[in-house]
Amino acid sequence: MPVALVWVAVSAKDLSSCDLRNHAGHLASRLAGRNINRKISLARKPIERFCAKAALEVSSSKPTSEKVSGLNGFQELCSVRTDGGSEKPMLSSERKVYEVVLKQAAMVNREAKVGDNGLLDVKPDLVLPGTLQVLEDAYERCGEVCAEYAKTFYLGTLLMTPERRRAIWAIYVWCRRTDELVDGPNASHITPMALDRWEQRLEDLFNGRPYDMLDAALSDTVSKFPVDIQPFRDMIEGMRMDLRKSHYKNFDELYLYCYYVAGTVGLMSVPIMGISQDSHATTEDVYSAALALGIANQLTNILRDVGEDARRGRIYLPQDELARSGLSDEDIFSGKVTDKWRSFMKGQIRRARKFFDEAEKGVTELDKASRWPVMISISWTKLTSLC
């Protein structure tokens with residue numbers, strides 16, 4: 001499934017000045033020390049080339065042994081019944097993901113510094129010989145990718161401050177490359193061990209050791225903003241789910257998948273987009289709204305792409321709810337549109353709208369320069385995909 005790349009944020013990682021020097025020094029030796037003209041030329045290649053290159057790299061390198069455990073969570077929204085029935089208790093996946101929300105909010109509250117303008121402080125660029133131009137080229141390429149594949153959102157990012165805009169672009173590109181590993185042209189080469197290697201590469205870039213130009217942009221971003229690695233790890237866990245799972249028994253399972261591949265994007269973005277100085281909401285509430293937007297977008301993608309996914313042998317719909325509606329896998333694979341199917345889809349759309357409604361409450365708590373891209377994307381999706 002395409003990752004719902006709408007809100008892009010995270011939580012908290014602060015590097016000391018010594019770490020920053022090591023980070024920039026490694027960038028200079030890894031990137032700037034080489035032929036810059038070659039790097040600029042490389043930056044002009046289509047994103048598919050980068051994604052294909054990354055897929056082949058992680059599928060052929062030595063595997064890493066480190067494993068990552070998955071996390072989950074949320075509350076009232078997941079108790080919404082698609083059949084109009086009463087609420088049910090919060091499920092295990094929702095509870096676990098909500099714990100992640102609490103952790104991210106606590107980290108930002110602890111480490112984020114708010115200036116007089118109400119924005120999160122951004123650490124200044126550390127200028128070393130040869131480093132700055134390479135990073136400028138890297139960010140420029142990330143912006144080009146965002147403009148090509150997310151035109152409406154890209155235009156919205158132009159309303160942000162330059163630092164935030166570039167950080168959003170860098171995160172967008174990493175998320176897209178990650179998604180392309182299992183959904184792109186080289187997906188057949190990807191194994192669980194390949195995803196382990198991609199995760200090790202993630203660990204390296206968070207430690208100031210980027211592998212290529214696009215990694216360098218994200219590595220620079222996480223050195224300046226209070227960005228936590230856990231949502232990135234969890235997104236990779238979502239890619240692992242796509243390798244081993246094609247059906248979901250109930251919404252609890254589907255919710256966890258939606259968190260991994262899209263809710264994480266919301267958690268990646270809050271400290272970058274910034275919370276308004278005038279906001280009376282808790283950081284936890286803002287993160288919950290960001291999570292809700294990611295879930296809403298992924299549910300919308302699922303409903304939009306039922307036919308495409310079925311042709312690939314995947315059904316991202318709760319099996320128990322299909323059964324209650326008198327539908328089976330055969331009905332999905334055959335593509336029959338019946339009254340039962342229409343009734344079922346109305347319930348699924350109602351659930352997605354509930355998540356969008358919750359997300360909208362958090363948009364007004366964002367910094368003013370960050371609200372419009374998010375609000376436009378919500379309104380556009382609701383108008384074009386959930387009518």
Side-chain angles (χ1 to χ4, degrees), residues 8 10-34 39 42-43 47 49-70 123 125-126 128 130-131 134-135 137-139 141-142 145 166-167 169-182 186 189-240 264-265 267-268 272:
V8 199
V10 204
S11 353
K13 181 183 175 73
D14 193 7
L15 298 180
S16 66
S17 58
C18 179
D19 292 331
L20 283 170
R21 283 193 293 272
N22 291 338
H23 166 78
H26 187 84
L27 285 178
S29 62
R30 184 71 184 263
L31 297 174
R34 301 177 184 177
K39 285 297 179 184
L42 180 63
I47 185 61
R49 301 276 296 275
F50 282 108
C51 293
K53 180 174 178 287
L56 292 176
E57 284 166 354
V58 297
S59 63
S60 61
S61 306
K62 293 182 179 180
T64 60
S65 58
E66 184 176 357
K67 295 183 179 179
V68 175
S69 58
K123 302 184 183 101
D125 285 325
L126 185 64
L128 290 181
T131 302
V134 172
L135 288 175
D137 293 339
Y139 279 118
R141 180 57 189 143
C142 288
V145 173
R166 300 190 332 162
W169 293 346
I171 293 177
Y172 173 92
V173 168
W174 184 87
C175 291
R176 183 169 184 88
R177 295 175 89 188
T178 301
D179 183 60
E180 287 288 306
L181 292 176
V182 297
N186 290 286
H189 298 284
I190 299 302
T191 65
M193 286 192 298
L195 291 177
D196 289 344
R197 291 190 283 276
W198 185 250
E199 185 172 337
Q200 183 58 57
R201 181 163 159 170
L202 170 70
E203 301 279 349
D204 288 343
L205 74 84
F206 261 79
N207 288 317
R209 298 189 298 273
Y211 191 88
D212 62 16
M213 173 176 265
L214 299 182
D215 280 356
L218 182 57
S219 188
D220 184 63
T221 290
V222 302
S223 76
K224 295 177 179 178
F225 289 87
V227 174
D228 183 49
I229 195 173
Q230 190 59 51
F232 293 82
R233 289 171 174 160
D234 286 347
M235 177 173 282
I236 295 173
E237 185 63 25
M239 303 305 110
R240 291 189 179 101
T264 50
V265 180
L267 300 188
M268 292 172 191
I272 290 177

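Residue numbers start at 1 and run along the sequence shown.
Here the side chains of Trp198 and Met239 are not in contact, with every heavy-atom distance at 4.5 Å or above. By the 4.5 Å heavy-atom criterion applied to side chains, Val173 and Leu218 are not counted as neighbours. With a 4.5 Å cut-off on side-chain heavy atoms, Asp179 and Arg176 do not count as touching. Tyr211 places none of its side-chain heavy atoms less than 4.5 Å from the side chain of Leu205. The shortest side-chain heavy-atom distance between Arg166 and Thr221 does not fall under the 4.5 Å cut-off. Side-chain contact check for Met235 versus Thr178: some heavy-atom pair is nearer than 4.5 Å. Between Phe232 and Val227, the closest side-chain pair of non-hydrogen atoms falls below 4.5 Å.
Rounding to the nearest 0.5 Å places OG1 of Thr191 at 10.5 Å from CG of Leu181. To the nearest 0.5 Å, atoms CG (Leu135) and SG (Cys142) are separated by 10.5 Å.
Taking both residues in full, the closest heavy atoms of Ile272 and Ile171 are given as CD1-CD1, 3.2 Å, listed atom of the first, atom of the second, then distance. Closest approach of Val222 to Ser219, counting heavy atoms only: CG2-O, 3.3 Å.
Looking at Gln200 and Asp196, their side chains never bring a donor and an acceptor atom within 3.5 Å of each other.
Residues forming a side-chain hydrogen bond (donor to acceptor under 3.5 Å, both in side chains) with Trp174 (at least two apart in sequence, or on another chain): none.
Arg233 has a carboxylate O that lies under 4.0 Å from a charged side-chain N of Glu203, or vice versa, which qualifies the two as a salt bridge. Salt-bridge check for Arg240 with Glu237: passed, with a basic side-chain N closer than 4.0 Å to an acidic carboxylate O.
Tyr139 places a side-chain N or O within donor-acceptor distance of the main-chain N or O of Ala217, the cut-off being under 3.5 Å. Checking side-chain atoms of Asp212 against main-chain N and O of Asp215 turns up a donor-acceptor pair under 3.5 Å.
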